[in-house]
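Presented below is the structure to which this report refers.
Just the heavy atoms: all of them, side chains too, but no hydrogens, waters or symmetry mates, feed the values below. Note that the structure is predicted; figures quoted are calculated from it, not measured.
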Amino acid sequence: MATFSQSTIDKGSKIFQDVLCSTCEDKKLENTADFYCESCVKFYCGKCIDMHSQLFSKHAPFGRGDMKKWPVPKKVEDFILKCDVHTDKNLEMFCSEHSELCCTNCAFLNHRHCQKVTLISDIVKSQSTNLQQLSVYIQTILKEMKKLQDSQDASIQSVQSSYDEQLHTIQKTRREINAVLDTIEQKTLKDMKDTLTKLQASSKTDVEKCIRLRDELKQLHDAIQDISDKSKLELSFIAKRKCEEKIQQLETFLKKNSLQVRVSITFQPNYEIVQYLYKLSGLGRIEHCTQTLMEQESKQGIITVQGKSEQNVKISTDSEECAITAILALPDKQVLVADHKNKKVKLLDQIYQVVSHCSVTAYPQDLCDITPSEVAVTVNDYYIHEVQFITVNNMKMVTGRKLKLKHSCCGIFFHQGDLYITSRTALCKYKLRGKLVSKMYEDKSDNVTVNRCAVSPTGDKLYITNYSQHKLLTLARDGSVLATFTDPALIAPNGVHVTPAGQVLVCVGWFDIIIQVDTEGKLKLATFATKEDGLVDPRSVCYNQHTSSIIVGMWERNKILVFKV
């Protein structure tokens, strides 16, 4: 017999409760029954069964271990028997033509013309019902419905998350528009200021010339007053000629400037800008995309966080705040981090304490392991483009040889004897001694199209972050593009990492998030961590299989985050 209780029925159901003790129920108490007495036809709780046993020692009540011998609870029986339409009627008939259960009202109203309306009491004489098999099937359906509900709940969270992310994009777009308008305004103000300066300079020149000519003529006028009554003919002749020459200059100046002009500056707005803005319906298009996860894709290992800690990686000799641009988990359970701003590579022990460090010649960009005890770090600035090799042994770090390159060096990984190095616009393959093998992939359409890189565990896929154009590229071994992933949340991606299980993690400092992408590089599977988890401009991420943790390095933060996963 099927039993109905809070342990077997969804807790959201209010119809089925545990069977109540009959004695307690008479006292308006709600205590769950633990026994049923077939002789008394009553249920008893643990307390009431003691009194019952004293009064009726020959009765043999059935405990919960024999619940198959309990009768069907009245509430369950009523729930099953009652007609859904005519709730005061019991279901008594079955219409085979319509495969419908009927009460007497249903039979009269809806099935009186049907030929195969039979009493249920007659049907059960010839048919058996396997409720156990039905129960198993119902449980399967309920599990599928729960999975669907969880998926829909996740979809609600996902769309809310994407909404929040796009709000930041809208606000950033508005700031960019404001910045452009500010620049246009400043340029317009400068042009007007230049016009003012030019006009004032021209008028000032005329004023100065006018003053000079007036002073010179006035001096000549005063001079001829002194010699007008003197008998100095030569002096008078020269004075006359000078006065006539000066008068001619003044008349020419006056004629040129006879009209009194008042100069002013006017501004004619460019109404096309305003008209264009009025025509716009918004700052951009609002779109939504629906991604259907196939069964195989839905089973991919989405990484979930089970705990988090912060670890300080700043040391006394650091002059700047730490900027961890690369993280590498070593085979001996130690961890290396590249501190960009302090130009150091730091060695952390198993509990993420700094135990050693070494300085490098320029800003460290990325790390990869060559052997269990040797690693390579790319260092880069305006003049220096190098790969520095470092040996790690017994908690000590020793710098070794260098490869000097002719191009910038950012990302790096080592696979099957070859070094793969990104140069901001290309992915180059080198031999370990420094010989260029080939330029596998190149994109010169922007400044940083080939930023960081990672390789799948099998080596058949290479992942590249395109920082300038907001993409994650998946390449084949020959450098051909297998997939290009874009997403509203993927703005200026930086570090990329592939776990030993093939899970792809991408740092997005723009939104302070790390997202997980499927192994094909086509779908966003999840947002691994966000600003609410403590992320601030994440630049590097690495899985530490020794501790089952994801380590995250950030820009200008003295701590790394360690997520237990």
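- Under 3.5 Å, the side chains of N393 and T391 contain no donor-acceptor pair of N or O atoms.
- What you find for D349 and M395 is that their closest heavy atoms are CB-CE, 4.4 Å.
- When ring centroids are compared, F414 and Y420 stay outside the 6.0 Å threshold.
- Between R539 and W555, the closest side-chain pair of non-hydrogen atoms falls below 4.5 Å.
- Donor-acceptor pairing under 3.5 Å is lacking for the side chains of Q157 and D153.
- S445 and Q469 share a side-chain donor-acceptor pair at under 3.5 Å.
- Heavy-atom minimum distance, S359 versus K344: OG-CG, 4.1 Å.
- Among K471, H470, K524, the single residue meeting the side-chain contact (heavy atoms from CB on, under 4.5 Å) criterion with T486 is K471.
- Counted by atom type alone, T399 and Q388 present zero donor-acceptor pairs between their side chains at under 3.5 Å.
- The aromatic rings of H340 and Y363 sit parallel, their planes meeting at an angle under 30°, below the 60° perpendicular limit.
- When each of V450, N494, T449 is tested with Y467 by the rule side-chain contact (heavy atoms from CB on, under 4.5 Å), just one qualifies, namely N494.
- Taking a cutoff of 4.0 Å between a charged side-chain nitrogen and a carboxylate oxygen, D182 and K187 do not qualify as a salt bridge.
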